[in-house]
Amino acid sequence: MTAADMTPYGKEAAQVADRVAARYAEVAPAHQDSQIAVIERLLKRLPRGARVLDAGCGTGRPTCAQLCAGGGLDVTGIDVSEAMLAAARANVPEARFLLVDLLGEQATGLGTFDAVVSFFCLMNLPEPVFVSALARFASLARPDGAVIVGVPERPGETPVEGLYGTYHPPRCTRQDLRRRAGLAGLTVEEIEVRPGTGIMGAEEDHLFLHARPASSPDRSG
């Protein structure tokens with residue numbers, strides 16, 4: 001896949017990620033405790049041989065590295081940034097890394113997975129595109145598979161400092177996340193809230209959607 005094959009949102013994300021890749025690799029590890037804890041929880045329920053997709057895998061750390069550490073899982077990471085993927089392939093040679101725009105048609109050829117995870121990749125998307133991304137996760141998860149998505153909680157009014165300047169991100173509260181999941185064809189099992197920090201160190205709540213495709217069996221009992 002080339003940049004010409006990407007959706008407008010994929011192209012924009014690729015440009016930003018390529019520009020900040022080196023800086024991201026330096027500062028991100030100090031702010032990823034919440035997602036590490038969520039993957040630790042997921043690992044307890046995944047059988048040996050399970051297929052796991054990390055959408056927006058970045059440098060492969062910590063998530064793909066964490067998934068591969070114990071062995072026995074088939075791990076694929078996708079991203080729109082060649083710079084991020086180059087780092088990921090060096091960091092986690094045990095995983096498979098592909099240049100794929102999640103919102104593009106190429107993503108439909110990935111197959112299905114026992115778990116689809118995505119951390120802090122959807123947070124700047126407008127709501128309709130956010131819902132489309134969640135719907136794609138639902139289609140990539142097996143009928144009884146897990147979908148886990150992490151985003152910072154945003155009231156939609158406070159400016160946020162990022163790696164490339166200060167900006168006003170779209171609103172995303174826990175109520176918004178639950179509603180969007182329903183619109184995307186996901187059944188919400190839990191909205192987990194963990195304290196965390198942003199990429200530049202500001203304190204914030206991190207929301208983790210735990211869901212499954214709506215057509216899958218009820219696991220609540």
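One-based numbering along the sequence shown.
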Q: Might you confirm whether atom CD of Q175 has over 12 heavy atoms from other residues, nucleotides or ligands at distances under 6.0 Å?
A: yes
Q. Does NZ or CZ of R89 fall inside the cone over F97's six-membered ring, less than 6.0 Å from its centre and within 45° of the axis?
A. no
Q.
One pair to check against side chain to side chain contact (heavy atoms under 4.5 Å, CB included): L102 and F137. What are the steps and the verdict?
A. CA-CA 9 Å; L102 172 70; F137 293 155; 3.4 Å; yes
Q.
side chain to side chain contact (heavy atoms under 4.5 Å, CB included) for R48 and L73? Distances and angles first, verdict last.
A. CA-CA 6 Å; R48 187 174 182 82; L73 297 181; over 6 Å; no
Q. Would you find a donor on one side and an acceptor on the other, under 3.5 Å apart, between the side chain of D205 and the backbone of V193?
A. no
Q. Near Y9 OH, under 6.0 Å, is it more than 12 heavy atoms from other residues, nucleotides or ligands?
A. no
Q) Hey, is the main chain of L207 close enough, under 3.5 Å, to the side chain of E192 for a donor-acceptor pair? A) no
Q. Above 12 or not: heavy atoms from other molecules or residues under 6.0 Å from CD of E12?
A. no
Q. Any donor-acceptor pair under 3.5 Å linking the side chain of R136 with the backbone of G104?
A. yes
Q. Between R212 and T187, does any side-chain donor sit less than 3.5 Å from a side-chain acceptor?
A. no
Q: Using atom types as modelled and distance alone, determine if a side-chain donor or acceptor of D114 lies under 3.5 Å from a backbone N or O of V52.
A: no
Q. Quick one: do D176 and R154 make a salt bridge, cutoff under 4.0 Å?
A. no
**Q.** Between CZ on residue R171 and CD on residue E153, distance to nearest 0.5 Å
**A.** 10.0 Å
Q) Does H206 have its ring centroid less than 6.0 Å away from the ring centroid of F119? A) no
Q. Do R41 and E190 sit within salt-bridge range, that is, some charged N less than 4.0 Å from a carboxylate O?
A. yes
Q: Would you check if T173 and P155 make a side-chain contact, meaning some heavy-atom pair closer than 4.5 Å?
A: no
Q.
Does T76 form a side chain to side chain contact (heavy atoms under 4.5 Å, CB included) with D54? I'd like the steps, not just the answer.
A. CA-CA 6 Å; T76 299; D54 182 7; over 6 Å; no
**Q.** Q35 and T63: side chain donor to acceptor below 3.5 Å
**A.** yes
Q: Would you mind checking if R194 and D33 are paired as a salt bridge, meaning a charged N to carboxylate O distance below 4.0 Å?
A: no
Q | Qualifying salt bridge (charged side-chain N to carboxylate O under 4.0 Å, His left out) pairs with a residue from residues 117-128, counting only residues at least two apart or across chains | A | E127-R179, E127-R180
Q | Short side-chain to backbone donor-acceptor contact, R51 and T112, under 3.5 Å | A | yes
